[in-house]
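Notes to accompany the following structure.
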Amino acid sequence: MTEFWKSNAMFWCDYCKVWMNDNPATKATHENGLKHKDMVARKLRQMRQKQDQEKRDLVESQRSMSSIEAAAQRQYQADLKAAEESQKQRLGEWVRDEGSGYHYNAVHRWYYDTATSMYYGGEPATWTKVPDVPDDAKYESMAAPAAVTGPGGQDMGPSASGRLAGAPQGVKRKPAAARPLTEIGGYKMPTTGRIGGAKGIGASAAGVTKRKGQPSTVTASKSTKPVLKEEADAIAAREAAKRRVLPQSVHFDDVSTDQPIYTTVTVKNLDSRQRLLRWKPPKSTLFQVQGLATVSKLAPGLQLTFKVSYRGPPGKDAHDAFILMMDNGTKHEVSCHALQPRSKLKVKGTLALGYVALDTTVQRSLQLTNSGLNTAAYRVEVEAGLPLQVTPADGRLTPAGSPGSVCTLKVELAAEIAGPLSGKVSIFTEDQTEPVTVDCTATIVSSTFELMNEEGAAMGQLDFGALHYGDDKHVTFSVLNNGPKPARFFAACGTPQQLAEDSDGTPRDDPMTAFLQAWLRFLDISKATGVVAVADLVAVGYTCEQHALQAARVRSQQINSTGTKIFEVLPLSGVIAPYGRATLTASFKPVSAGRVKGFKATAPPLDEAFTYACQLTFDGSAQELKCSLKGLALEPCLTVSQPQLLFGEVASHDWADQNLVIANQGSSLPLRFTIPPSPYFHCLPDQGTMAPGANCPLVVRFCPKALGQHQASLSVQLLSEASSRVIAEVHFQALGLCRQLGPPRRPLPGGPMALPESFLKPRQFVDPEKTFSKGGTYKRPAVWQQQDVLRQFQEHALETTKNTFSLEDTKRHAQHNSSYVDFIRRARTAQQQADATRDESQDSVNLGMHPYRSSPT
């Protein structure tokens with residue numbers, strides 16, 4: 001075979017995910033389509049949103065890493081300080097006394113002489129070069145200079161900047177005291193012999209002199225000392241005693257009377273054998289132990305309950321304790337406390353504000369309650385550097401259960417600097433040692449708003465271009481919220497002068513304005529005079545004062561939107577999600593004033609340029625966005641070549657054609673037209689589009705289907721660019737006559753060889769000389785002049801004329817009617833001529849205006 005199949009090259013569109021032929025024409029058609037453009041715009045938006053998200057994630061990760069590094073640095077410094085303190089406790093310090101010239105380590109209790117490099121201490125105290133101390137606690141190790149290494153690793157000796165050059169590490173110089181060595185128990189330390197136990201060194205634990213060969217009871221200090229068995233047993237016994245006695249301490253709160261107050265204490269025997277319980281009473285007589293014998297027996301697993309009472313004068317606190325002792329040596333001290341009535345403040349609410357937009361104000365409320373039995377005089381203090389304002393800052397709360405024991409604190413945060421924010425709000429009282437604190441946390445971030453067009457670019461002006469009067473055009477744009485909080489917006493549209501008049505916030509032409517202003521005045525008077533409780537009006541008044549006038553403005557915009565407006569922006573208000581956007585629609589609807597009836601008709605409207613402004617305000621933000629709205633309104637300029645078409649006489653089921661030319665005389669916009677047909681007249685083509693300055697030839701066809709004179713007013717309707725709505729019309733008249741039956745209908749072409757052109761009727765243009773004009777000499781023929789009617793008269797004349805007119809009677813009747821019509825017409829014409837030529841200059845009623853004249857002569 002010399003031929004083979006070969007597939008066409010295909011092209012894959014990454015945006016639309018479709019295959020197409022790989023040729024310039026196909027790709028150009030696809031790329032100019034709305035779907036491809038929408039997909040490209042969507043891809044660009046997704047890339048931009050991804051980039052914005054990556055930037056926000058990067059900023060958040062950098063902020064997190066900065067906080068982590070700062071915390072790690074603080075922990076590292078704390079660890080270094082703890083290690084230094086631990087080393088200091090383990091190794092001690094060599095303190096030099098200027099009076100004796102020796103260095104003393106109080107932890108290991110040894111002396112050091114820098115002149116002889118000898119140590120003095122131990123049991124018995126002797127001079128030696130090998131002291132019983134750890135190697136790293138020796139003077140040489142703690143005061144060793146930093147060695148300098150030369151080329152090849154050669155030791156260059158101590159550095160001038162080493163530890164001995166200044167104060168050695170672990171070695172401190174101490175000025176001479178009034179009595180040298182007074183801190184170790186003597187005036188002068190002997191250089192030989194034994195130092196007694198009174199001087200703090202060299203003494204054994206039991207006061208027995210250590211013999212030669214016996215192990216020393218003084219051991220070197222280690223980082224972790226082992227716990228002795230006796231100490232561990234004591235700790236276990238103390239914990240067991242805590243479990244045996246419930247409660248661990250006795251508290252009598254809010255004592256306001258001198259009557260005795262009781263409480264119960266329970267002692268349990270958790271051992272497997274019987275125990276004897278003894279107790280030691282409190283020192284004072286205010287606390288009494290009742291129901292407990294001097295010696296009590298407790299069987300294994302049982303418990304003993306007794307009462308503890310308090311009776312003392314009110315107005316003063318009392319503190320005491322009694323001791324419980326078991327025969328196994330365990331003791332437990334039960335403390336007793338009697339406290340007078342105090343105030344107890346409780347705070348309900350949090351100040352975790354989360355993300356706060358920059359240059360905004362956030363308010364929260366805290367409920368402060370006094371649950372104590374004493375009046376609380378409180379004072380609120382805000383941590384320094386925290387931009388908070390608390391109202392009221394001080395006050396008094398009555399005891400619990402009485403009116404005035406609860407108040408509301410209004411906390412206001414002014415976000416002026418971006419970044420994280422944390423601090424405490426402390427509430428102090430006179431009878432509470434520790435204040436009530438509330439943690440305040442917030443992250444202040446910048447919050448801005450942007451106007452963006454459909455492509456996602458920043459927008460400051462919206463140009464609708466040129467548009468015909470009566471047409472409309474809609475353009476969508478979006479408002480981007482670059483903040484962490486939802487934002488409510490309010491849109492206003494009008495001329496720059498109208499927006500300047502409304503800048504004071506007072507809506508115009510609104511029936512609700514008077515009511516709102518009166519209500520706000522009543523609210524202010526109520527707060528000032530105290531007719532209504534301020535606490536009841538704080539929340540409501542704050543909300544209404546912020547939103548009432550703004551709501552009135554929105555209502556005013558809604559009322560004004562019911563009329564005709566050149567520009568309009570919808571919706572008038574809405575809420576934008578955090579880091580989201582809201583879509584708004586701007587409409588341009590140019591409407592002409594039209595012709596005004598009167599003595600002189602006004603001229604047709606001219607081309608006019610409109611400039612409006614759209615203003616967006618946001619609740620809780622001082623930022624305002626303004627966008628200029630511009631548009632050019634044009635009058636449709638469509639003309640027809642003939643205002644009247646005369647088709648003359650055409651037989652029924654036949655047709656006649658005439659030419660008509662319509663022209664677009666505008667120079668800016670194309671015209672899209674349609675011509676609705678009438679029962680006997682229609683145009684070919686009946687719809688189309690004309691470019692600026694172009695014309696379109698039409699064929700108007702008259703197809704009568706009934707006898708008689710036919711007249712129709714055809715209209716060339718101009719359609720809107722975006723829809724099929726009619727914006728203007730141009731009319732022309734068509735007249736035709738049909739007074740005879742035409743040939744029967746022609747058979748339609750058919751068969752497999754028929755083409756679309758075969759079904760079209762051929763053109764039959766009318767001869768202008770054979771047409772008639774309206775008001776011409778044409779006259780309908782008389783009845784007896786028609787052949788079929790004349791034949792009927794002849795047939796009836798042979799029979800009888802009793803109930804019908806004869807031919808002569810019919811002629812006389814028709815002649816009489818014609819004479820009567822002529823008489824009426826002559827009289828009417830004479831009257832009109834007399835009215836037109838009458839002199840009315842002296843008439844004081846009509847003033848020469850001739851209201852009855854059809855046209856001046």
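Computed over heavy atoms, backbone and side chain alike; hydrogens, waters and symmetry mates excluded. If you're wondering where the values come from, they're calculated on a predicted model, not measured in any experiment. Start at 1 with the first residue, then count along the sequence.
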Practice item. I would like to know whether Leu629 and Cys493 meet side chain to side chain contact (heavy atoms under 4.5 Å, CB included); could you show each step before the answer? Key: CA-CA 9 Å; Leu629 306 178; Cys493 183; 3.8 Å; yes

Point to revise | Evaluation steps, side chain to side chain contact (heavy atoms under 4.5 Å, CB included), between Leu409 and Tyr378 | key: CA-CA 12 Å; Leu409 301 180; Tyr378 67 89; 4.1 Å; yes

Check your understanding: Should Lys43 and Asp14 be marked as a salt bridge (Lys or Arg N to Asp or Glu O under 4.0 Å) after you check the CA-CA gap, both sets of side-chain angles, and the distance that decides it?
Key -> CA-CA 10 Å; Lys43 184 66 175 179; Asp14 290 334; over 6 Å; no

**Study point:** Chi angles and distances behind the side chain to side chain contact (heavy atoms under 4.5 Å, CB included) call for Leu366, Val390
**Key:** CA-CA 10 Å; Leu366 298 177; Val390 183; over 6 Å; no

Check your understanding: Stepwise, does the side chain to side chain contact (heavy atoms under 4.5 Å, CB included) test hold for His36 with Tyr15?
Key -> CA-CA 7 Å; His36 181 79; Tyr15 299 102; 3.8 Å; yes

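Distance CG/Leu671 to CD/Gln665: 10.5 Å, rounded to 0.5 Å. If you take CD1 on Ile727 and CG on Leu467, they are separated by 7.5 Å, rounding to the nearest 0.5 Å. Rounded to the nearest 0.5 angstrom, Cys13 SG and Met20 CE are separated by 5.0 Å. Atoms CH2 and OG1, on Trp19 and Thr26 in that order, are 14.5 Å from each other to the nearest 0.5 Å. Here Asp22 contributes atom CG and Lys27 contributes atom NZ; the two are 4.5 Å apart, rounded to the nearest 0.5 Å. Atom OG1 of residue Thr583 and atom CE of residue Met452 lie 11.0 Å apart, to the nearest 0.5 angstrom.
Ile417 has its side chain out of reach of Ile444: every pair of non-hydrogen atoms, C-beta onward, lies at least 4.5 Å apart. Residues Arg672 and Glu721 are not in side-chain contact: their nearest non-hydrogen atoms beyond the backbone lie 4.5 Å or more apart. With a 4.5 Å cut-off on side-chain heavy atoms, Ser426 and Thr437 count as touching. Between Asn482 and Ser446 the shortest side-chain heavy-atom distance does not fall below 4.5 Å. Residues Phe449 and Asn481 have side chains in contact (heavy-atom distance under 4.5 Å, counting atoms from C-beta outward). Residues Pro685 and Leu698 are in side-chain contact: their nearest non-hydrogen atoms beyond the backbone lie under 4.5 Å apart. Counting only heavy atoms from C-beta outward, the side chains of Thr639 and Ile662 never approach each other to under 4.5 Å. Contact of the Pro387 side chain with the Leu421 side chain is registered, since non-hydrogen atoms from C-beta on lie closer than 4.5 Å.
Ser587 pairs in a side chain to side chain donor-acceptor pair (under 3.5 Å) with only one of the listed residues (His474, Glu568, Lys473), which is His474. Applying side chain to side chain donor-acceptor pair (under 3.5 Å) to Gln53 and the options Gln51, Lys55, Arg56 leaves one that passes, Arg56.
Considering every non-hydrogen atom in both Glu608 and Tyr469, the closest pair reads CB-OH, 3.5 Å. The two residues Asn453 and Phe477 come nearest to each other via the heavy atoms CA-CB, 4.4 Å. Between Asn664 and Leu669, the shortest heavy-atom contact is ND2-O, 3.2 Å. Closest of all the heavy-atom pairs between Ser724 and Leu719 is O-CD2, 3.7 Å. Across every non-hydrogen atom of Arg725 and Gly470, the tightest pair is NH1-O, 2.8 Å. When all heavy atoms of Pro590 and Phe610 are compared, the pair lying nearest together is CB-CE1, 4.4 Å.
Residues satisfying the side chain to side chain donor-acceptor pair (under 3.5 Å) test with Thr495, not counting sequence neighbours, are none. Remark: Gln49 pairs with no residue by the side chain to side chain donor-acceptor pair (under 3.5 Å) rule, at least two apart or across chains. Every residue two or more places apart in sequence or in another chain that forms a salt bridge (Lys or Arg N to Asp or Glu O under 4.0 Å) with Asp439 is listed here: Lys424.
Between Phe618 and Phe489, the ring centre distance reaches or exceeds 6.0 Å.
Ring pair Phe464/Phe567 is tilted by interplanar angle, where 30° to 60° counts as tilted.
In this structure, a donor-acceptor pair under 3.5 Å is absent between the side chains of Thr391 and Glu412.
When the shell of 6.0 Å around CG of Leu34 is examined, it contains 12 or fewer heavy atoms from other residues, nucleotides or ligands. By the 6.0 Å contact criterion, CZ on Phe11 is enclosed, its count of non-hydrogen atoms from other residues, nucleotides or ligands being greater than 12. Other residues, nucleotides and ligands contribute only 12 or fewer heavy atoms inside 6.0 Å of the CZ atom of Arg42.
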